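In this text the structure is predicted, and so the values were computed from the model without any measurement.
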Amino acid sequence: MGAEREEPGPARGACPCPCPCPCPGPGHERGTARGCPSSALPAPRHGAMERARHRLRQFDIGDRFSGLPLPRAAVLLPLMVRAGRLHLLLTVRSLQLRRSPGEVCFPGGKREDSDRDDIDTALREAKEEVGLQPEKVEVICRLMPGIDKMNNLVTPVVGFIEETFQVTPNPDEVSEVFVVPLEYFVKPLDYKTFSYKTSSGYSTRVHCFTYHDQEHRKSFKIWGLTAHFAVFLALVIFGERPTFEVDYDLDNLFSSSENYFTNLYASIHERKKSNL
């Protein structure tokens with residue numbers, strides 16, 4: 001798990017579908033919902049999308065951490081292009097929920113027995129929460145996972161969706177849906193950070209963004225694991241230094257993010273062993 005390389009991601013094999021252009025790697029072989037150009041999404045037409053695809057595929061972890069003995073969950077990081085700029089779709093958890101009511105998060109949740117992998121989990125949850133049909137998502141990659149406060153291994157699945165997607169939130173789970181320019185997570189207008197020690201004793205930096213949404217005429221607080229994934233996604237795609245400090249070596253982003261995760265996992269694993 002400590003690989004040192006600057007062109008990360010599993011090796012790409014031959015394209016398993018009859019399409020004439022390169023396919024995005026893991027998950028592609030499982031149908032049009034995985035990003036094949038024959039899917040419901042139109043052919044790429046945005047330079048921003050093409051650059052993002054290229055960068056993201058270099059950071060695809062595939063099934064690298066699938067063997068870790070932690071309960072699994074996944075979230076979908078839905079990207080869209082508005083006015084030539086990448087935007088990220090986020091949700092606000094319903095106040096009826098017992099865990100983290102009213103907090104900003106990505107569509108997602110725990111894996112079910114019927115899910116074949118983290119991609120299935122993320123797509124199923126997005127459909128249940130905001131009405132996003134799996135075939136309307138061009139899945140690009142799975143990024144470095146995180147571990148939430150319940151010690152679930154959470155894998156972020158990145159996918160492109162159309163700007164015209166009509167959100168239909170499930171009121172039992174989602175109270176609001178909004179979008180944020182991705183660049184806000186490297187050049188925020190309202191940001192703060194604080195140190196946090198996990199239940200296993202591991203100290204980490206917590207990002208906290210306040211986004212003032214003109215469309216909804218209100219402000220949203222984005223923090224915790226959601227902000228962690230959004231920041232990493234922006235670092236991967238833009239390849240530039242943010243206006244705030246992060247826990248990575250930005251000249252070796254993949255290897256340092258892997259080290260960050262393995263140290264976090266090791267602290268939890270050691271705590272579990274000490275409690276036996």
Audit row: Q58, F254, side-chain contact (heavy atoms from CB on, under 4.5 Å) steps and yes/no: CA-CA 9 Å; Q58 294 180 347; F254 185 89; over 6 Å; no

V174 and V92: side-chain contact (heavy atoms from CB on, under 4.5 Å), yes or no, with the steps? CA-CA 6 Å; V174 174; V92 179; 5.8 Å; no

Apply the test side-chain contact (heavy atoms from CB on, under 4.5 Å) to residues F165 and V177: give CA-CA distance (whole Å), side-chain angles for both, the deciding distance (0.1 Å), then the verdict. CA-CA 12 Å; F165 164 60; V177 179; over 6 Å; no

Evaluate V231 against V186 for side-chain contact (heavy atoms from CB on, under 4.5 Å), listing each step before the verdict. CA-CA 7 Å; V231 168; V186 287; 5.8 Å; no

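Listed by chain and number, the residues in a ring pair (Phe, Tyr, Trp, His ring centres under 6.0 Å) with F178 are F220 (sequence neighbours excluded). Annotation: ring pair (Phe, Tyr, Trp, His ring centres under 6.0 Å) contacts of H87 (sequence neighbours excluded): none. Remark: E183 engages R85 in a salt bridge (charged side-chain N to carboxylate O under 4.0 Å, His left out) (not counting sequence neighbours). Residues passing the salt bridge (charged side-chain N to carboxylate O under 4.0 Å, His left out) test with R99, sequence neighbours excluded: none. Residues meeting the ring pair (Phe, Tyr, Trp, His ring centres under 6.0 Å) test with Y184, sequence neighbours left out: Y211. Residues passing the salt bridge (charged side-chain N to carboxylate O under 4.0 Å, His left out) test with K218, sequence neighbours excluded: E176. Judged as a ring pair (Phe, Tyr, Trp, His ring centres under 6.0 Å), and not counting sequence neighbours, the contacts of F209 are F185, Y191, F244. E112 meets the salt bridge (charged side-chain N to carboxylate O under 4.0 Å, His left out) test with R124; sequence neighbours excluded. Partners of D190 by side chain to side chain donor-acceptor pair (under 3.5 Å), not counting sequence neighbours, listed by chain and number: H212.
The main-chain N or O of Y248 is never found under 3.5 Å from a side-chain atom of S256 such that the two would form a donor-acceptor pair. Judged by distance alone, the side chain of D115 and the main-chain N or O of R111 form no donor-acceptor pair under 3.5 Å. In this structure a side-chain-to-backbone donor-acceptor pair under 3.5 Å is missing from N152 to D148. Under the 3.5 Å distance criterion, the side-chain polar atoms of D63 are left unmatched by any main-chain donor or acceptor of S66. Between the side chain of R55 and the backbone N or O of V236 there is at least one donor-acceptor pair closer than 3.5 Å.
Residues L250 and L56 fall within the same hydrophobic cluster, defined by Ile, Leu, Val, Met, Phe, Trp and Tyr side chains chained together at heavy-atom separations under 4.5 Å. Cluster membership for L97 and W223, using ILVMFWY side-chain heavy atoms within less than 4.5 angstrom, is not shared. Put simply, F261 and M150 are part of two different groups of oily side chains (I, L, V, M, F, W, Y) that touch within less than 4.5 Å, one to the next. Hydrophobic clustering of Ile, Leu, Val, Met, Phe, Trp and Tyr side chains at less than 4.5 Å, counting indirect connections, unites L86 with L189.
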Taking distance alone, no hydrogens or angles, what donor-acceptor pairs closer than 3.5 Å link side-chain atoms of residues 70-77 to residues at least two apart or in another chain?
unit_1, atom_1, unit_2, atom_2, d
R72, NE, D118, OD1, 3.3
R72, NH1, F65, O, 3.3
R72, NH2, D118, OD1, 3.4
R72, NH2, D118, OD2, 2.7

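Side-chain contact between S257 and F232 is present, with heavy atoms from C-beta onward closer than 4.5 Å. At least one side-chain heavy atom of E245 sits under 4.5 Å from a side-chain heavy atom of R205. Proximity of T210 to I222: side-chain heavy atoms (C-beta onward) are nowhere separated by under 4.5 Å. With contacts defined as side-chain heavy-atom distances shorter than 4.5 Å, the pair P145/Y265 does not qualify. Contact annotation: the side chain of V206 never approaches that of S195 to less than 4.5 Å [non-hydrogen atoms, C-beta and beyond].
To the nearest 0.5 Å, atom CG of residue D172 and atom CD of residue E128 are 11.5 Å apart. The distance from atom OG1 of T204 to atom NE2 of H228, rounded to the nearest 0.5 Å, is 7.0 Å. Here the OG1 atom belonging to T168 is positioned 10.5 Å from the NZ atom belonging to K127, to the nearest 0.5 angstrom. To the nearest 0.5 Å, atom CD of residue E138 and atom CD1 of residue I161 are 12.0 Å apart. Separation of atoms OG1 (T91) and CD (E125) is listed at 10.5 Å; rounding is to 0.5 Å. With values rounded to the nearest 0.5 angstrom, D117 atom CG is found 9.5 Å from T155 atom OG1.
Taking both residues in full, the closest heavy atoms of V179 and L89 are given as CG1-CA, 4.0 Å, listed atom of the first, atom of the second, then distance. The two residues C208 and K221 have their closest heavy-atom pair at SG-CE, 3.4 Å. Nearest heavy-atom pair across L182 and A230 is CD1-O, 4.3 Å. Across S94 and P171, no two heavy atoms sit closer than the pair OG-O, 3.4 Å. Here the shortest heavy-atom pairing between L90 and T226 reads CD2-CG2, 3.6 Å. Nearest heavy atoms, F229 versus V154: CZ-O, 3.6 Å.
Under the salt bridge (Lys or Arg N to Asp or Glu O under 4.0 Å) criterion, the residue pairs touching residues 207-217 are R82-E215, with sequence neighbours excluded. Listed by first then second residue, pairs satisfying salt bridge (Lys or Arg N to Asp or Glu O under 4.0 Å) with a partner in residues 232-242 read K187-E240, R241-D251, not counting sequence neighbours.
The environment of H216 atom NE2 is dense: over 12 non-hydrogen atoms of other residues, nucleotides or ligands sit within 6.0 angstrom. The environment of CD in E163 is crowded: more than 12 heavy-atom neighbours from other residues, nucleotides or ligands sit within 6.0 Å.
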